[in-house]
Amino acid sequence: MIADEIKRLHELHQAGALTDAEFEQAKAKILSSSTVNLNKGTASSGNGSFADELNTLRRSRTDRWISGVCGGLAKASGVESWVWRLVFALFTLTFGFGAVIYLLLWIFVPEE
């Protein structure tokens with residue numbers, strides 16, 4: 001399935017058979033084709049692009065300091081990961097709930 005194809009790509013990348021750019025391009029191609037295949041059989045329910053991006057939110061394996069939450073949010077939203085880190089830090093220092101939200105995202109958002 002898709003996970004097996006991505007795993008094979010990762011192994012080729014680790015072995016040096018693929019460059020970083022080739023690996024990212026191949027992975028994007030596999031993921032985009034899987035999204036097209038999944039959406040073929042479903043009727044349009046009027047969901048906006050925000051809902052689609054929220055469903056594809058994953059914690060980053062490459063852009064991470066603690067768990068990859070901010071890197072995943074950066075990929076999903078198009079905002080740099082340092083901005084998300086700053087937002088979580090400010091919410092933690094000012095309101096006290098930034099750490100709680102980060103912890104919940106760490107628990108409930110799956111890894112790439």
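Side chains included, hydrogens not; waters and symmetry mates left out as well; all remaining heavy atoms used.
Residues Leu18 and His13 approach most closely at O-ND1, 3.7 Å, considering heavy atoms. For Gly71 against Ser60, the heavy-atom pair with the smallest separation is C-CB, 3.7 Å. When all heavy atoms of Glu111 and Arg58 are compared, the closest pair comes out as O-CD, 4.0 Å. Considering all non-hydrogen atoms of both residues, Leu57 and Gly72 come closest at CD1-O, 3.5 Å. Between Leu90 and Thr94, the closest heavy-atom pair is O-OG1, 2.6 Å.
With rounding to the nearest 0.5 angstrom, the NZ atom of Lys75 is 10.0 Å from the OG atom of Ser81. Residue Phe97 holds its CZ atom at 14.5 Å from CG of Leu103, rounded to the nearest 0.5 Å. For the atom pair CZ of Arg85 and CG of Asp63, the computed distance is 5.0 Å after rounding to the nearest 0.5 Å.
With a 4.5 Å cut-off on side-chain heavy atoms, Phe88 and Leu73 count as touching. Looking at Leu12 and Glu22, their side chains never come closer than 4.5 Å, going by heavy atoms from C-beta outward. Contact check for Val109 versus Val69: no side-chain heavy atoms found under the 4.5 Å cut-off.
The aromatic rings of Phe95 and Phe91 sit tilted relative to each other, their planes meeting at an angle between 30° and 60°.
For the residue pair Tyr102 / Thr92, no side-chain donor-acceptor distance below 3.5 Å is found, with atom types taken as modelled. Side-chain atoms of Trp84 and Ser77 form a donor-acceptor pair, as typed in the model, at a separation below 3.5 Å.
Connection of Ile66 to Phe108 is established within a shared hydrophobic cluster, with ILVMFWY side chains joined at heavy-atom distances below 4.5 Å, either directly or through further cluster members.
The main-chain N or O of Ser67 is found under 3.5 Å from a side-chain atom of Arg59 such that the two form a donor-acceptor pair.
Counting heavy atoms of neighbouring residues, nucleotides and ligands inside a 6.0 Å radius, atom CZ of Phe23 exceeds 12 of them. With a 6.0 Å radius and a threshold of 12 heavy atoms from other residues, nucleotides or ligands, Gln25 has its CD atom at or below the threshold.
Glu5 and Arg8 are not joined by a salt bridge, as no carboxylate oxygen comes within less than 4.0 angstrom of a charged side-chain nitrogen.
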